[in-house]
Colleague: 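One structure, pasted below without further comment.
Everything numeric in this text was worked out from a predicted model, so none of it was measured. Heavy atoms only: backbone and side chains are in, while hydrogens, waters and symmetry mates are out.
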Amino acid sequence: MRVMLFGIMKDIVAAGSLTVPEQLSDVGALRTWLLQEYPAMKNLRAVMIAVNKAYAADGQPLAPGDEIAIIPPLSGG
């Protein structure tokens, strides 16, 4: 599965996107995998994961072909 990255997540991964294992069944499994692969992500207060352009909870199933985005905390005025 291909995952798009935004903001500081691009810096942490050193890429604008990445490919994750197909066997990750839901958003929670994806989040756990990301934390294992990129421990610096633990320093972020809140990271949202969107599936098919909607914010997703950890129980949201993932399917091949889903559009997945990792969205770090936002700031600004």
Side-chain angles (χ1 to χ4, degrees):
M1 284 182 279
R2 190 143 184 92
V3 175
M4 297 181 292
L5 305 169
F6 295 93
I8 194 169
M9 283 300 298
K10 290 169 62 175
D11 296 335
I12 290 171
V13 176
S17 65
L18 63 102
T19 301
V20 301
E22 292 286 335
Q23 67 267 23
L24 297 175
S25 61
D26 60 28
V27 170
L30 171 61
R31 187 182 307 275
T32 299
W33 184 86
L34 286 167
L35 289 169
Q36 290 172 346
E37 294 294 316
Y38 303 100
M41 188 177 154
K42 293 176 184 171
N43 297 327
L44 303 177
R45 283 190 299 151
V47 174
M48 301 297 293
I49 297 177
V51 178
N52 298 325
K53 301 181 181 176
Y55 288 120
D58 283 353
Q60 168 82 37
L62 297 176
D66 280 346
E67 181 181 281
I68 302 168
I70 310 299
I71 305 164
L74 302 174
S75 64

Colleague: Decide yes or no for I71 and I49: does some side-chain heavy atom of the first lie under 4.5 Å from some side-chain heavy atom of the second?
Modeller: no
Colleague: Determine whether L30 and V20 make a side-chain contact, defined as any pair of heavy atoms from C-beta on separated by less than 4.5 Å.
Modeller: yes
Colleague: Test I12 against every option in L5, I70, L44 by the side-chain contact (heavy atoms from CB on, under 4.5 Å) rule and name the one that passes.
Modeller: L44
Colleague: Locate the shortest heavy-atom distance separating G7 from P72; write the atom from each residue and the value.
Modeller: CA-CG, 4.0 Å
Colleague: Treat each ILVMFWY residue as a node, draw an edge where side-chain heavy atoms are under 4.5 Å apart, and state whether V27 and L24 are in one component.
Modeller: yes
Colleague: I need the full list of side chain to side chain donor-acceptor pair (under 3.5 Å) pairs touching residues 23-41, with sequence neighbours left out, sorted by first then second residue.
Modeller: R31-D58
Colleague: CE/M4 to OG/S17 distance, rounded to the nearest 0.5 angstrom?
Modeller: 9.0 Å
Colleague: Over all heavy atoms of both residues, which pair between A69 and F6 is shortest? Give the atoms and the distance, please.
Modeller: CB-CE1, 3.7 Å
Colleague: Tell me every residue that passes side chain to side chain contact (heavy atoms under 4.5 Å, CB included) with E22, counting only those two or more places apart in sequence or in another chain.
Modeller: M1, P64
Colleague: Same cluster or not: are L35 and L18 linked, directly or through other Ile, Leu, Val, Met, Phe, Trp or Tyr residues, by side-chain heavy atoms under 4.5 angstrom apart?
Modeller: yes
Colleague: Answer yes if L62 and V47 sit in the same cluster of Ile, Leu, Val, Met, Phe, Trp and Tyr residues linked by side chain heavy atoms under 4.5 Å apart, and no otherwise.
Modeller: yes
Colleague: Identify whether M48 and I68 are in the same connected component of the hydrophobic contact network (ILVMFWY, side-chain heavy atoms under 4.5 Å).
Modeller: no
Colleague: For residues 60-73, which residue pairs qualify under side chain to side chain donor-acceptor pair (under 3.5 Å), counting only residues two or more places apart or in two chains?
Modeller: N52-D66
